[in-house]
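Here is how names work: the chains are called A, B, and so on, in the same order as the sequence lines, proteins then strands, and each is numbered from 1.
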Amino acid sequence: MIEENIEKKDQNHVDVIVVGGGPAGISCAITLARAGKDVVLIERGKFSGSKNVFGGAIYAQPTREIFPNFEKEAPIERKNIEHKYALLGEDDSTVISYKKRHEDPVSYTVIRAKFDRWMAQEAKKEGVVIVEETVVRELIVENECVVGVRTELEDYYCNIVVLADGVNSLLAKQIGLRGDIEPEDVAVSVKEVIKLDKEKINDRFLINDDEGCIYELFGGPMLGMLGLGFIYTNENSISIGLGITLNELVERKIKPYEILDKVKSHPTIAPLIKDGEVIEYSAHLIPEGGFKKVPILYGAGVMVCGDAAMFVNNLHWEGTNLAMISGKLAGETAIIALGREDYSENTLAKYQEKLEESFIMKDLRTYRDLMDVMHDKSEDFLGYYPKKINSFFEMFTSVNGIPKKDLYWKFIKSIFKDRGLSALFSDFTSIIKLLWSILR
Amino acid sequence: MNDSKKDLENKLYTVKYNPDSESHLTPVPESCANCRSKACTFVCPAGVYEWDEENNRLIVNYEDCLECGACRIACEDKSLSWVYPKGTKGVTFKQG
Ligand SMILES: Cc1cc2nc3c(=O)[nH]c(=O)nc-3n(C[C@H](O)[C@H](O)[C@H](O)COP(=O)(O)OP(=O)(O)OC[C@H]3O[C@@H](n4cnc5c(N)ncnc54)[C@H](O)[C@@H]3O)c2cc1C
Ligand code: SF4
Ligand code: SF4
């Protein structure tokens, strides 16, 4: 019996097992396969992407680092040329837009069910063994070292396990790399993909065939809440959705899809999606804890990357890029460890060093205070001020026989009246403190 | 049926599921009976949980689950036992 077990352990032994076939896991696995290592990637979905949801846009430069030819070969929807920031009032809006037809696009919209699947196929071509429709239920730990994974059917053994199992990472929790996730550390997002003719999309968003436009939505039915909406254009469809911090939903007792329906019927948004057919509804969590909530990133025989490590820069809707690059760095660290045949914490600490040197930890550190301020001040910064900006423009564009000077003074007085001096001062100091924490 | 519920049902019609014969979501009845917030009944994007006043119990329509994890984190006393459905089961996003 014991002999049988040992034999089985040998048969099922590889260099590295990666759990999770999203951008983090695939990038890690392909990095290892390219260096000639034996790597198995385990994904619980029918195929990579089948359990994944995002806005969204992938970023050209980091994606090229893993897939140099993706712009020619991958299923891409549109290249983004315009970014719009829409401050929605109850029935009005102020929109700021930045547009540039880059020679070298910054980002592309993709459909995850197609794009992740393509990435996984590329990884397979490079020698990664992909096991789909299989859930890793727990990690196998021997002598305080992770030595394998237990799936529903079988145990697999390896030298290193890389956890790229996404925001819920039950596995990082199992081995104590992190505690429970708190409701203020994730946003619940709901999304719809709405089918619409290409020509209609081009006309409504003022773009050409292969060009895309991104909307970031503030306020509207989310006024005063820590929540953000988005619209992305795909080739023949539009993605619209939002993310609201889970504790806001709990405290306010609101349902996320009801908010989405209200966003969809806002007078600024409704014409963009008019007559479209919803072809898929979906939901997913976004890790929002930021720098202060990053878990322990490695231990003997194990590393954590992507969403499982809270690597999301939510202000910029960046996640896939942090996932890809952290996956790659975990892969490179594993290659060093395999070379030394040393999978101890000591060697895998190299992963943390690499992360610290990269934009990942630097950017997370830059925004380390952002979420504290936003939790504190969401009513004001995402409620009062957006409303006030809209009422400024309402005043500014009005033609009603009242002298302009009177209008201006009335507007200025209204701010002092509804906010009061001490609240204004406190808002001002929070902003200065936040800016200082970002820039210093 | 109220409008919001109907609207949600229409949304869920667009989702491809392969439901298991047993639930991957297991609340603890005593916890739910004492739970004040019943947070799971409104945070869930698929409306999986409904509170049954009459029988003082939580109804779990696990077949509709989108596997996001929100209920697990929102559960008032973290008593809800939550696992991923089996590899071949649950939701398959065609867009995502
Ligand atoms: C609404 C929304 C909008 C977003 N918009 C953007 C955007 O526009 N641009 C951007 O860059 N990022 C965006 N993000 C963030 C981005 O999607 C994530 O940061 C990124 O997908 C993380 O990649 P990952 O590989 O770490 O995790 P995931 O993509 O979540 O992949 C994890 C994988 O692991 C699998 N898995 C989990 N547990 C197990 C297990 N036990 N066994 C086997 N398999 C398992 C899952 O099925 C999944 O395939 C958005 C996120 C959301 C929710
Ligand atoms: S929040 Fe948790 S304890 Fe409360 S009803 Fe829901 S599952 Fe039960
Ligand atoms: S995981 Fe998400 S969709 Fe599934 S029951 Fe929980 S909250 Fe609802």
Side-chain angles (χ1 to χ4, degrees), chain A residues 42-47 49-54 111-116 131-137 151-153 166-168 170 180-183 185-186 188-193 234 237 239 246-247 249-258 260-261 277-285, chain B residues 2-18 20 24-25 35-51 64-96:
Chain A
I42 305 178
E43 164 58 44
R44 71 185 184 92
K46 214 180 218 18
F47 52 85
S50 65
K51 302 280 188 186
N52 296 348
V53 178
F54 90 147
I111 303 279
R112 289 290 292 273
K114 295 180 192 162
F115 185 76
D116 288 17
V131 181
E132 285 155 346
E133 298 191 295
T134 302
V135 185
V136 173
R137 293 294 179 193
T151 72
E152 293 148 309
L153 303 172
V167 52
N168 285 301
L170 302 177
D180 280 325
I181 300 177
E182 296 303 322
D185 296 333
V186 287
V188 180
S189 56
V190 285
K191 170 182 166 181
E192 286 178 7
V193 178
N234 305 313
S237 64
S239 299
L246 180 54
N247 66 332
L249 296 177
V250 174
E251 279 160 24
R252 292 171 193 253
K253 298 195 186 303
I254 43 179
K255 299 178 175 168
Y257 47 89
E258 290 182 1
L260 178 58
D261 284 339
E277 179 203 351
V278 178
I279 52 173
E280 188 173 82
Y281 172 67
S282 58
H284 205 276
L285 294 181
Chain B
N2 64 28
D3 279 357
S4 159
K5 205 165 165 190
K6 187 88 209 137
D7 287 347
L8 177 62
E9 228 168 62
N10 286 336
K11 290 183 203 297
L12 296 177
Y13 273 133
T14 66
V15 183
K16 186 172 185 289
Y17 292 108
N18 179 20
D20 200 348
H24 59 291
L25 311 164
C35 172
R36 274 177 309 167
S37 68
K38 308 275 191 289
C40 58
T41 60
F42 45 89
V43 302
C44 172
V48 163
Y49 303 94
E50 289 169 90
W51 184 250
D64 289 339
C65 175
L66 296 163
E67 300 165 30
C68 71
C71 54
R72 185 178 74 91
I73 298 171
C75 176
E76 192 174 283
D77 63 353
K78 308 247 188 254
S79 57
L80 174 66
S81 141
W82 187 101
V83 295
Y84 290 116
K86 296 188 189 95
T88 52
K89 304 292 183 187
V91 68
T92 293
F93 293 123
K94 286 185 277 183
Q95 307 280 329

Point-to-point distance, once rounded to the nearest 0.5 Å, from CD of E258(A) to OG of S4(B):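 Interatomic distance, E258(A) CD to S4(B) OG, rounded to 0.5 Å: 3.5 Å.
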Gap separating the OG atom of S282(A) from the NZ atom of K11(B), nearest 0.5 angstrom: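 Interatomic distance, S282(A) OG to K11(B) NZ, rounded to 0.5 Å: 10.5 Å.
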Per-residue contact mode, C44(B) against chain A (heavy atom under 4.5 angstrom):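 Contact with chain A: backbone only.
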Side chain E280(A), main chain Q95(B), donor-acceptor under 3.5 Å: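 Here the side-chain-to-backbone pair exists.
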Part of V250(A) lying under 4.5 Å from any heavy atom of chain B: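 Both parts, backbone and side chain.
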Part of N168(A) lying under 4.5 Å from any heavy atom of chain B: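 Both parts, heavy atoms under 4.5 Å.
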Heavy atoms only, distances under 4.5 angstrom: which of [options] has the most pairs with chain B? Name it, please.
options	value
H284(A), K255(A), K114(A)	K255(A)
E182(A), E132(A), E152(A)	E152(A)
V278(A), T134(A), D261(A)	D261(A)

Most contacts with chain A, counted as non-hydrogen pairs under 4.5 angstrom, among P45(B), A39(B), P85(B):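 Max contact count across the listed options: P45(B).
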Best-contacting candidate, K89(B), K16(B), K78(B), against chain A by heavy atom pairs under 4.5 angstrom: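 With the most close heavy-atom pairs to chain A, the winner is K78(B).
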Closest non-hydrogen atom pair, A113(A) against K94(B):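 Closest approach of A113(A) to K94(B), heavy atoms only: CB-O, 3.2 Å.
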Test item: side-chain donor near acceptor, T88(B) and E133(A), under 3.5 Å: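 There is no such pair between these side chains.
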Close side-chain approach of R112(A) to F93(B), heavy-atom, < 4.5 Å: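 Not in contact.
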